[in-house]
Undergrad: 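I am attaching a structure below and will ask some questions about it afterwards.
A, B, ... follow the sequence lines: proteins, then strands. Residue 1 opens every chain.
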2 protein chains.
Amino acid sequence: MLSGTNLPRVGGYNQAVVLDAIRTTGQVSRVELAALTGLTNQTVSNVVRKLLDAGLVAESGQAPSSGGKRRTLLTLRADGACAVGVHLDPEAAVIVVVDLAGEVIGSRRLRLTDPGDPADVVDRVARTTGRLLDRSAVDRTRLLGLGIAAPGPLDGSTGAVVAPPNFPGWGRVPLADMFADATGLPVALDNDATAAAIGERWIGGADRAGSFLFIYLGTGVGAGIVLNNTVLHGDSGNAGEFGHMAVEPGDRVCHCGAMDCLGPYVSPAAIIDDLLRLHGRTAADRIGLTGTPDSVHHDWKALRRAARADDPAACDVVRRAARRIGEAARGAASLLDVSRVVLGGEALRGIEPIIREEVEAAVNRTSVARTIRAVAVEQSVIGETVGAVGAASLVLHGNYAPGWRMLTDVPG
Amino acid sequence: MLSGTNLPRVGGYNQAVVLDAIRTTGQVSRVELAALTGLTNQTVSNVVRKLLDAGLVAESGQAPSSGGKRRTLLTLRADGACAVGVHLDPEAAVIVVVDLAGEVIGSRRLRLTDPGDPADVVDRVARTTGRLLDRSAVDRTRLLGLGIAAPGPLDGSTGAVVAPPNFPGWGRVPLADMFADATGLPVALDNDATAAAIGERWIGGADRAGSFLFIYLGTGVGAGIVLNNTVLHGDSGNAGEFGHMAVEPGDRVCHCGAMDCLGPYVSPAAIIDDLLRLHGRTAADRIGLTGTPDSVHHDWKALRRAARADDPAACDVVRRAARRIGEAARGAASLLDVSRVVLGGEALRGIEPIIREEVEAAVNRTSVARTIRAVAVEQSVIGETVGAVGAASLVLHGNYAPGWRMLTDVPG
DNA sequence: CGTCAGCTAAATCCATTTGATGGATGAAGT
DNA sequence: ACTTCATCCATCAAATGGATTTAGCTGACG
């Protein structure tokens with residue numbers, strides 16, 4: 001059931017709206033804010049005063065006069081708040097500390113040789129986080145919490161990860177609670193693609209305002225959906241599941257039993273396999289693939305490098321995968337009616353141009369795209385660390401965006 | 001840019017929330033409303049008074065006491081408001097008058113032999129609407145407006161239909177303005193699938209609360225998306241485009257050039273064609289198909305009847321189409337993370353069970369569906385007239401649902 | 001060439017309005 | 001006597017419109 005509002009919430013909402021407007025524009029005056037948000041000058045004035053008092057924004061100079069008193073410009077105070085972001089991946093845990101402006105003020109990478117015991121990983125991440133915070137001289141009173149980006153389906157009600165692919169032993173683990181206990185911080189949890197989308201929304205300014213579909217390529221493929229500046233979470237907190245979008249069937253079986261799911265065709269392991277099967281040992285040797293199951297990380301790096309160097313075999317298999325991503329993206333973009341698709345994720349490094357090209361061609365084929373609005377396809381503005389930065393953004397977003405809340409409150 | 005709120009809007013919003021709660025529950029007391037909406041007893045009391053004064057709800061008896069004073073129950077007043085809905089289709093225009101409870105209090109069907117001139121159609125529909133309103137003795141002061149459900153992409157900014165498939169001569173026609181001029185009523189315009197979804201949301205009560213994906217089969221295939229009781233319109237007002245979802249490619253070319261778009265495989269004409277190609281003249285004769293291009297309506301009726309009577313050939317081709325709808329629905333449901341899919345549209349009559357079966361199997365295959373929440377697949381609660389009733393609901397929705405507004409205001 | 005009145009735009013002050021809230025009170029039952 | 005529902009009343013929070021202050025621009029006049 002839809003729930004009602006009250007006055008305090010209106011206040012909070014308007015504050016969030018104004019903060020959002022300052023963030024996405026970079027630098028604005030109060031009058032401009034009033035025009036942008038539809039609020040009165042007076043209201044903007046009041047809201048801005050509160051934000052100034054809270055240390056979240058600062059006055060940053062004057063605009064040239066347009067005949068009368070000059071406008072005083074407002075900007076976000078980067079040191080107004082900060083958050084920790086943790087991107088969990090079978091391969092490694094990336095930890096970042098991000099300030100209110102989205103700047104990374106410290107980062108660490110923990111190799112996770114063999115996923116291992118969740119409790120152990122949580123412990124190591126928590127200790128590393130503590131050291132990182134000390135070294136970065138973060139004002140603890142301005143530290144809002146810790147965000148986690150994890151692969152695979154989540155159970156929002158328990159703050160647990162459910163059966164993440166390639167993450168044996170991590171099923172039904174109450175990650176949010178464990179991190180809250182280990183760090184004493186409020187914790188937010190979301191899947192990696194959604195976290196990445198929130199990161200883009202938070203950091204990308206005007207280029208990521210409105211609506212977009214974020215396609216994330218990591219160990220698997222996922223999507224994060226932002227509609228009207230609002231993040232879509234879905235009934236169970238798993239919106240953006242992209243791996244089960246239908247594509248041209250081949251001979252790869254999804255764990256759901258279908259032969260036409262996108263997921264199994266576009267993982268790094270699958271593309272490496274494609275290269276071996278379609279182009280043989282010669283091509284593999286030329287590129288430098290070992291071809292053993294536990295060298296996927298290395299092989300994938302080599303394959304991407306080869307594709308970037310225009311190796312025909314590498315380009316071919318990447319393009320095949322890109323084509324399937326394009327098919328799925330076409331359906332998603334037309335279903336959601338978004339006019340922007342953003343590509344990101346660590347598995348994409350170097351091969352963005354190929355993927356971009358195919359996706360762009362696919363999403364712009366539909367009649368709506370051609371007659372009413374074209375769809376822009378762009379790379380992540382954050383880059384390699386979208387996962388971790390996105391995780392941190394979960395916290396910033398939870399605190400300063402209208403209508404979302406943290407999973408766990410401050411424990412104790 | 002996200003816009004701010006103010007006090008009046010809060011009031012309006014809370015009124016809409018309470019009205020919505022009364023509508024979806026059917027009959028509730030004030031205290032229950034307070035619990036459902038999170039508002040105070042006092043606030044509910046105030047809001048309800050306003051709704052009573054406005055003639056939108058009525059007190060309808062007392063609940064049995066639970067130890068103290070009995071609760072007075074509230075229901076929607078069906079005669080509190082009404083709206084006209086027009087479903088435009090190449091085949092016919094269906095006009096209905098719907099009251100606040102969603103009851104159809106009058107309807108007409110205009111055959112459109114050969115789509116013809118838009119201006120002429122608008123004129124005929126307007127005149128028929130006038131007569132229909134007179135006959136149904138509708139209180140004009142309580143008539144909120146006219147809603148139009150049209151196929152094909154729309155241009156929200158101009159209130160025009162853009163290049164609707166099978167609707168030659170209707171491209172870029174400013175339908176909303178034309179109807180507003182012809183009837184003097186405020187007009188709302190949306191595509192047929194979205195209108196149908198809004199209709200379900202408006203009339204379906206508790207069964208259509210929350211989030212769902214509505215798959216509409218008319219001349220083409222489309223979808224309407226309701227997320228958290230809010231209708232998704234999309235950047236250009238064309239959310240729910242379902243015909244370009246990727247499915248297993250065959251030999252049918254979409255007008256966008258792709259071979260793997262859902263649309264061309266599931267239209268009645270395509271399924272009829274399938275029957276002829278896969279099962280030959282014998283089967284076609286047995287079913288009673290003429291097989292000429294302009295007898296699609298008749299043939300489709302015959303084919304559906306045959307499928308309902310378990311004719312193996314008819315069932316086969318329907319099931320093939322259903323399977324592809326299922327593939328697309330699987331992707332959409334997992335992308336949006338909805339736990340309910342609703343099927344409707346006039347082309348579906350009689351063959352719902354087959355479609356339902358295939359769609360249900362497909363959407364419940366994914367890991368999220370199996371481990372976290374199952375997806376229910378259901379028929380429209382409105383039935384055959386979803387299009388027209390949905391069109392009328394556009395108006396009701398625009399007036400009494402939080403956060404949406406009419407395209408054209410009262411002209412003059 | 002300076003300067004001061006008149007103008008404009010930005011930001012704020014103040015009184016008012018709207019809407020939700022908590023506590024007390026009345027109403028209708030068991 | 002006790003419950004539960006519903007409303008009354010005083011209060012509080014937030015936005016609003018209009019007046020006011022602040023700050024800079026412009027141009028005419030000495």
Undergrad: How far apart are the C-alpha atoms of Arg30(A) and Asn41(A), what are their side-chain angles, what is the distance that settles it, and do they pass the side-chain contact (heavy atoms from CB on, under 4.5 Å) test?
TA: CA-CA 7 Å; Arg30(A) 288 172 175 80; Asn41(A) 284 343; over 6 Å; no
Undergrad: Find out whether Leu394(B) and Ile148(B) are in side-chain contact, i.e. whether some heavy atom of one side chain is under 4.5 Å from a heavy atom of the other.
TA: no
Undergrad: Taking atom P of dA11(C) as reference, at what distance in whole Å does atom CG of Leu73(A) sit?
TA: 9 Å
Undergrad: Taking for each residue the nucleotide of DNA chain C with the nearest heavy atom, is it Ser65(B) or Val10(B) whose nucleotide lies nearer the 5' end?
TA: Val10(B)
Undergrad: Quick one: which of dC5(D), dG19(C), dT7(D) gets closest to the side chain of Arg71(B)?
TA: dC5(D)
Undergrad: Less than 3.5 Å apart, which donor and acceptor atoms pair up between the side chains of residues 75-84 of chain B and the rest of the protein, not counting sequence neighbours?
TA:
unit_1: Thr75(B); atom_1: OG1; unit_2: Ser60(B); atom_2: OG; d: 3.3
unit_1: Arg77(B); atom_1: NE; unit_2: Asp79(B); atom_2: OD1; d: 3.1
unit_1: Arg77(B); atom_1: NH2; unit_2: Asp79(B); atom_2: OD2; d: 3.3

Undergrad: Just compare dG24(D), dA9(C), dA14(D) and give me whichever is closest to any side-chain atom of Ser66(A).
TA: dA9(C)
Undergrad: Considering heavy-atom distances to DNA chain D, does Leu7(A) or Val31(B) have its closest nucleotide positioned more toward the 5' end?
TA: Val31(B)
Undergrad: Hey, does the side chain of Gln15(B) reach the backbone of Leu51(B) with a donor-acceptor pair shorter than 3.5 angstrom?
TA: no
Undergrad: From the set dT12(C), dC5(D), dT7(D), return the single nucleotide nearest to any side-chain atom of Gln42(B).
TA: dT7(D)
Undergrad: Send over the distance from Gln62(B) CD to dA27(C) P, rounded to a whole Å.
TA: 16 Å
Undergrad: Using atom CG of Leu33(A) as one end and atom C1' of dA10(C) as the other, report the distance to the nearest whole Å.
TA: 13 Å
Undergrad: Taking 4.0 Å as the cut-off, does a side-chain nitrogen or oxygen of Thr72(A) come that near to OP1 or OP2 on dA11(C)?
TA: yes
Undergrad: Kindly indicate whether the side chain of Glu59(B), heavy atoms from C-beta on, has any atom under 4.5 Å from the side chain of Leu73(B).
TA: no
Undergrad: Expressed in angstrom and rounded to an integer, what is the separation of Glu32(A) atom CD from dA9(C) atom P?
TA: 14 Å
Undergrad: Mind running a 4.0 Å heavy-atom check of residues 45-59 of chain B against DNA chain D and sending the residues that fall below it, in number order?
TA: Ser45(B), Arg49(B)
Undergrad: Answer yes or no: does a side-chain N or O of Arg30(B) lie under 4.0 Å from OP1 or OP2 of dT7(D)?
TA: yes
Undergrad: Measure the distance from CD on Gln15(B) to P on dG19(C) and round it to the nearest whole Å.
TA: 8 Å
Undergrad: Rounded to whole Å, how long is the line connecting atom NZ of Lys69(B) with atom P of dC5(D)?
TA: 10 Å
Undergrad: Under 4.0 Å from OP1 or OP2 of dA28(C): is there any side-chain N or O of Arg70(B) that close?
TA: no
Undergrad: Consider only side-chain N and O atoms of His233(B) and Asn228(A), and report whether a donor and an acceptor are under 3.5 Å apart.
TA: no
Undergrad: Using the closest heavy atom to pick a nucleotide of DNA chain D for each, name whichever of Thr43(A) or Gly67(A) lands nearer the 5' end.
TA: Thr43(A)
Undergrad: Tell me whether Arg201(A) contacts the main-chain N or O of Phe212(A) through its side chain, where contact means a donor paired with an acceptor under 3.5 Å.
TA: no
Undergrad: Out of dA20(C), dT7(D), dA11(C), which has the shortest distance to the side chain of Asn41(B)?
TA: dT7(D)
Undergrad: Considering only dG26(C), dG23(C), dA15(D), which nucleotide approaches the side chain of Asn14(A) most closely?
TA: dA15(D)
